[in-house]
Amino acid sequence: MNSLLIGELSPEQPSFEPTKNKELTDEFRELRATVERMGLMKANHVFFLLYLLHILLLDGAAWLTLWVFGTSFLPFLLCAVLLSAVQAQAGWLQHDFGHLSVFSTSKWNHLLHHFVIGHLKGAPASWWNHMHFQHHAKPNCFRKDPDINMHPFFFALGKILSVE
């Protein structure tokens, strides 16, 4: 697990160590308490239900388009646009379920995560968990974060990424 260690924070960053910036840590705790009191950390289940229903509706519309109009160029193009939207939206929805951030119990989050990524995206939830845990262990760290493994070839503008 040494490759996944985050390491020491820079001196100006807050942590639980006594030498770190206590004022900044206290401000973040106060901000979090305010956000929680405002109810901004509670998921709206109706939103996520409608989100899932619109994905299923667009998915059904794409396949219905091909069934009714055939596979000529325009129906195929419309189907490709609809399915692209479905895949993008399903990716973000499974991300929310994968972070266990929608329901208060992990059972429902896992169940819907498996449904969305398994049936709508066609990938195993265990694969996403493995890759996403690595991403959170070393975010934006080249060769450690699987989300940026293509960095030398794509998105190479801006400051140089850390290697460790």
Side-chain angles (χ1 to χ4, degrees), residues 1 3-6 28 31-164:
M1 295 293 288
S3 64
L4 298 178
L5 290 177
I6 293 172
F28 276 114
L31 176 62
R32 181 176 177 113
T34 302
V35 166
E36 286 176 350
R37 276 194 307 274
M38 293 173 67
L40 298 177
M41 301 292 273
K42 293 183 181 177
N44 183 346
H45 296 165
V46 174
F47 168 79
F48 285 99
L49 174 66
L50 293 175
Y51 195 178
L52 179 60
L53 289 177
H54 110 269
I55 289 170
L56 295 173
L57 181 69
L58 287 178
D59 202 20
W63 294 110
L64 188 64
T65 299
L66 288 180
W67 186 55
V68 171
F69 298 107
T71 56
S72 61
F73 181 71
L74 283 177
F76 174 79
L77 190 62
L78 177 62
C79 181
V81 168
L82 289 172
L83 289 176
S84 296
V86 163
Q87 288 300 303
Q89 292 294 312
W92 288 111
L93 182 61
Q94 70 83 26
H95 182 266
D96 291 335
F97 289 133
H99 271 285
L100 311 178
S101 61
V102 178
F103 298 104
S104 58
T105 62
S106 61
K107 177 184 175 184
W108 282 103
N109 283 302
H110 284 302
L111 181 70
L112 284 165
H113 181 238
H114 283 270
F115 171 74
V116 173
I117 197 168
H119 295 287
L120 299 180
K121 299 284 297 165
S126 59
W127 167 82
W128 182 85
N129 284 331
H130 174 72
M131 300 300 268
H132 209 65
F133 291 158
Q134 288 181 354
H135 161 72
H136 278 282
K138 295 276 189 169
N140 300 328
C141 190
F142 183 54
R143 298 190 208 279
K144 302 288 184 186
D145 183 352
D147 287 356
I148 60 166
N149 278 343
M150 298 300 288
H151 172 68
F153 307 110
F154 299 108
F155 311 115
L157 299 174
K159 70 178 192 178
I160 297 173
L161 294 173
S162 63
V163 177
E164 287 288 328

Engineer: Compare every heavy atom of F76 with every heavy atom of T71, then report the nearest pair and how far apart it is.
Structural biologist: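 For T71 and F76, the tightest heavy-atom pair comes out as O-CB, 4.3 Å.
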
Engineer: Quick one about D59 and W63 (side-chain donor to acceptor, distance below 3.5 Å, no hydrogens or angles considered), yes or no?
Structural biologist: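 Side-chain D/A pair, W63 to D59: present.
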
Engineer: With the side chain counted from C-beta on, respond yes when V102 and L112 share a heavy-atom pair under 4.5 Å apart, and no when they do not.
Structural biologist: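 No, their side chains stay 4.5 Å or more apart.
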
Engineer: May I ask you to decide if the ring planes of F97 and F103 are parallel, tilted or perpendicular, using 30° and 60° as cut-offs?
Structural biologist: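 F97 and F103: parallel rings.
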
Engineer: What verdict does the ring pair (Phe, Tyr, Trp, His ring centres under 6.0 Å) test give for W92 and H95, after you've listed the backbone C-alpha separation in whole Å, the side-chain angles of each residue and the deciding distance to 0.1 Å?
Structural biologist: CA-CA 5 Å; W92 288 111; H95 182 266; 5.7 Å; yes

Engineer: For residues P75 and G70, report the shortest heavy-atom separation together with the two atoms involved.
Structural biologist: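 That closest heavy-atom pairing would be CB-O, 3.4 Å.
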
Engineer: As an exercise, state the distance from OG of S104 to NZ of K42, rounded to the nearest 0.5 Å.
Structural biologist: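 Those atoms lie 10.5 Å apart.
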
Engineer: If every non-hydrogen atom of C79 is compared with every non-hydrogen atom of A62, which pair is closest and at what distance?
Structural biologist: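 Nearest pair, atom of C79 first, then A62: SG-O, 3.5 Å.
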
Engineer: Looking at every non-hydrogen atom in both residues, tell me the closest pair between S106 and L100 and how far apart they are.
Structural biologist: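 For S106 and L100, the tightest heavy-atom pair comes out as CB-CD1, 4.1 Å.
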
Engineer: Would you indicate whether F47, at its atom CZ, is surrounded by more than 12 heavy atoms from other residues, nucleotides or ligands within a distance under 6.0 Å?
Structural biologist: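 For F47, atom CZ is crowded (more than 12 foreign heavy atoms under 6.0 Å).
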
Engineer: Is it true that the side chains of H114 and H110 contain a donor and an acceptor less than 3.5 Å apart?
Structural biologist: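 Side-chain D/A pair, H114 to H110: absent.
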
Engineer: If you measure from OG1 on T65 to CG on L58, what distance do you get to the nearest 0.5 Å?
Structural biologist: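 Output value for this atom pair is 10.0 Å.
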
Engineer: I want to check something: taking the side chain as every heavy atom from C-beta on, are V35 and L31 in contact at a cut-off of under 4.5 Å?
Structural biologist: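 With C-beta onward as the side chain, the pair touches.
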
Engineer: Could you check whether the rings of H136 and H99 sit parallel, tilted or perpendicular, using 30° and 60° as the cut-offs?
Structural biologist: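 Perpendicular: the ring planes of H136 and H99 meet at over 60°.
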
Engineer: Testing the basics here: between S101 and D96, what is the closest heavy-atom pair and its distance to 0.1 Å?
Structural biologist: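 S101 and D96 have their closest heavy atoms at OG-O, 2.9 Å.
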
Engineer: Which donor-acceptor pairs under 3.5 Å do the side chains of residues 82-89 make with protein atoms, sequence neighbours left out?
Structural biologist:
from, atom 1, to, atom 2, distance (Å)
S84, OG, A80, O, 2.7
Q87, OE1, K121, NZ, 3.2
Q87, NE2, L120, O, 2.8
Q89, OE1, Y51, OH, 3.1

Engineer: Could you walk me through whether L74 and L78 satisfy the side-chain contact (heavy atoms from CB on, under 4.5 Å) test, starting with their C-alpha distance in whole Å, then the side-chain angles of each, then the deciding distance to 0.1 Å, before giving a yes or no?
Structural biologist: CA-CA 6 Å; L74 283 177; L78 177 62; over 6 Å; no

Engineer: Locate the shortest heavy-atom distance separating S72 from F69; write the atom from each residue and the value.
Structural biologist: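 Distance-wise, the nearest heavy atoms are OG-O, 4.2 Å.
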
